[in-house]
Amino acid sequence: YNEVAEPVQTLDTIRVSQLFIQKDFKFRKFRLHNTMWIQETNSNEVRIPGLVSHHSLFYENIFFGGRLPTQIGFDVHYTSSWYSNAYMPATSVFYTQNEKKTEAYPLIDFFVNFKIKTARIFIKFQNAADNLVGNNYITTPNYPLPGLVFQFGLNWRFFD
């Protein structure tokens with residue numbers, strides 16, 4: 001969809017180049033998992049950020065005599081600034097826009113994961129750095145992301 005949210009078709013070949021890098025580090029009971037995407041495209045029809053990264057720093061241990069494997073740490077997500085697509089609610093489509101650049105900013109989440117027998121439980125504070133590193137969290141123009149969000153979940157397998 002073009003700048004006025006009308007469907008268009010291109011006859012050009014669209015190329016997307018992407019370099020994916022992953023490296024994990026371990027120091028005693030501390031873990032650092034890193035992934036990074038460096039990417040570009042030759043087309044204005046396909047919009048992608050130049051840099052996307054995800055990093056997890058956490059402490060991993062087994063408590064209560066080997067009965068409670070636990071991870072406590074932080075996730076950091078970063079996306080460089082780029083012209084993301086805008087959203088047209090009337091037609092439920094995303095379309096190309098060139099007026100508002102999506103700013104680069106980190107999203108920081110705090111989490112606790114643990115496992116009890118066959119149940120995995122997690123607690124997460126998404127966007128834990130809300131108002132500390134800014135509050136312009138927008139991935140689609142005019143649609144801000146929520147501030148601090150509390151999540152919890154349970155994944156329970158009923159078989160071994």
Side-chain angles (χ1 to χ4, degrees), residues 14-87 92-94 96-97 100-160:
I14 298 175
R15 178 184 48 84
V16 175
S17 301
Q18 188 177 57
L19 174 65
F20 173 75
I21 303 166
Q22 179 177 0
K23 179 65 178 167
D24 298 335
F25 298 97
K26 178 179 175 182
F27 177 72
R28 297 184 183 174
K29 295 187 180 204
F30 289 94
R31 308 286 186 263
L32 178 60
H33 295 192
N34 301 287
T35 55
M36 186 178 299
W37 295 265
I38 301 169
Q39 52 195 12
E40 70 175 6
T41 181
N42 68 337
S43 171
N44 194 36
E45 286 83 16
V46 175
R47 303 284 180 95
I48 55 175
L51 175 67
V52 177
S53 67
H54 174 82
H55 310 279
S56 292
L57 174 63
F58 58 93
Y59 174 79
E60 187 173 55
N61 201 354
I62 301 175
F63 297 103
F64 299 108
R67 295 187 177 150
L68 188 66
T70 305
Q71 296 177 337
I72 303 169
F74 292 93
D75 283 335
V76 178
H77 310 272
Y78 177 80
T79 303
S80 63
S81 63
W82 59 301
Y83 286 102
S84 62
N85 290 334
Y87 182 68
S92 300
V93 297
F94 288 90
T96 304
Q97 62 87 24
K100 194 168 189 178
K101 197 169 198 177
T102 302
E103 298 297 324
Y105 54 85
L107 287 175
I108 302 170
D109 303 334
F110 172 76
F111 66 88
V112 177
N113 301 324
F114 52 93
K115 183 176 178 183
I116 301 173
K117 295 189 179 185
T118 62
R120 292 185 301 155
I121 302 164
F122 76 87
I123 300 168
K124 184 183 234 183
F125 289 96
Q126 278 188 309
N127 201 3
D130 187 31
N131 291 322
L132 295 177
V133 294
N135 57 359
N136 58 345
Y137 310 112
I138 296 175
T139 56
T140 300
N142 303 317
Y143 290 90
L145 293 173
L148 179 64
V149 176
F150 174 73
Q151 287 185 330
F152 65 93
L154 170 69
N155 180 345
W156 192 352
R157 296 181 309 153
F158 290 103
F159 58 90
D160 285 333

Open item on the list: Measuring from atom CD1 of I116 to atom CD1 of I121, what distance do you get when rounded to the nearest 0.5 angstrom?
Closed with: 4.0 Å

TODO: Please step through side-chain contact (heavy atoms from CB on, under 4.5 Å) for the pair L51 and Y78, ending with a clear verdict.
DONE: CA-CA 8 Å; L51 175 67; Y78 177 80; 3.9 Å; yes

Open item on the list: Nearest 0.5 Å, please: how far is CZ in R120 from CG in N155?
Closed with: 4.5 Å

Task: Parallel, tilted or perpendicular: ring planes of F125 versus F150, cut at 30 and 60 degrees - done: tilted

- [ ] Would you mind reporting whether F110 and I108 have side-chain heavy atoms less than 4.5 Å apart?
- [x] no

Task: Nearest atoms (heavy-atom pairs only) where K29 meets N61 - done: NZ-OD1, 2.7 Å

Open item on the list: Using a 3.5 Å distance criterion without hydrogens, assess whether the side chain of R47 forms a donor-acceptor pair with backbone atoms of Y83.
Closed with: yes

Open item on the list: Determine whether L154 and W156 satisfy the following criterion, side-chain contact (heavy atoms from CB on, under 4.5 Å), listing intermediate values before the conclusion.
Closed with: CA-CA 6 Å; L154 170 69; W156 192 352; 4.3 Å; yes

Open item on the list: Working to the nearest 0.5 angstrom, can you tell me the gap between T139 OG1 and W82 CH2?
Closed with: 8.0 Å

TODO: Return the orientation label for the H77 and H54 ring planes: parallel under 30°, perpendicular over 60°, tilted otherwise.
DONE: tilted

Open item on the list: Looking at every non-hydrogen atom in both residues, tell me the closest pair between Q97 and S84 and how far apart they are.
Closed with: NE2-O, 2.7 Å

Task: L145/N127 under side-chain contact (heavy atoms from CB on, under 4.5 Å): CA gap, chis, key distance, verdict - done: CA-CA 9 Å; L145 293 173; N127 201 3; 5.6 Å; no

Open item on the list: Would you say the ring centers of H33 and F58 fall short of 6.0 Å from each other?
Closed with: yes

TODO: Take F114 and I72 through the test side-chain contact (heavy atoms from CB on, under 4.5 Å) and record every step on the way to the result.
DONE: CA-CA 9 Å; F114 52 93; I72 303 169; over 6 Å; no

- [ ] Supply the atom-to-atom distance T96 OG1 to N85 CG, rounded to the nearest 0.5 angstrom.
- [x] 5.0 Å

Open item on the list: Quick check: do R15 and E40 have side-chain heavy atoms less than 4.5 Å from each other?
Closed with: yes

Open item on the list: When you measure from the side chain of Y87 to the backbone of N142, do you find a donor-acceptor pair of N or O atoms at a distance under 3.5 Å?
Closed with: no

TODO: Could you pull out the closest heavy-atom pair between T70 and L68, with the gap in Å?
DONE: OG1-O, 3.0 Å

Task: Neighbour count above 12 (heavy atom, 6.0 Å) for F152 CZ - done: no

Open item on the list: Name the residue from Q126, K124, H55 that meets the side chain to side chain contact (heavy atoms under 4.5 Å, CB included) definition with D75.
Closed with: K124

Open item on the list: To the closest 0.5 Å, what do you measure between CZ (F111) and CD1 (I123)?
Closed with: 12.0 Å

Task: Non-hydrogen side-chain atoms of Q151 and F122 separated by less than 4.5 Å - done: yes

Open item on the list: Using every non-hydrogen atom in the two residues, find where I138 and K100 come nearest and quote the distance to one decimal.
Closed with: CD1-NZ, 4.5 Å

Open item on the list: Just verifying a value: how many Å separate I48 CD1 and Q18 CD, rounded to the nearest 0.5 Å?
Closed with: 7.0 Å

Open item on the list: Main chain of T41, side chain of S43: is a donor-acceptor contact present, judged purely on distance under 3.5 Å?
Closed with: no

Open item on the list: Determine whether a donor-acceptor pair (N or O, by modelled atom type, separation under 3.5 Å) exists between the side chain of Q39 and the backbone of P49.
Closed with: yes

- [ ] Evaluate whether atom CZ of R28 has more than 12 neighbouring non-hydrogen atoms of other residues, nucleotides or ligands under 6.0 angstrom away.
- [x] no

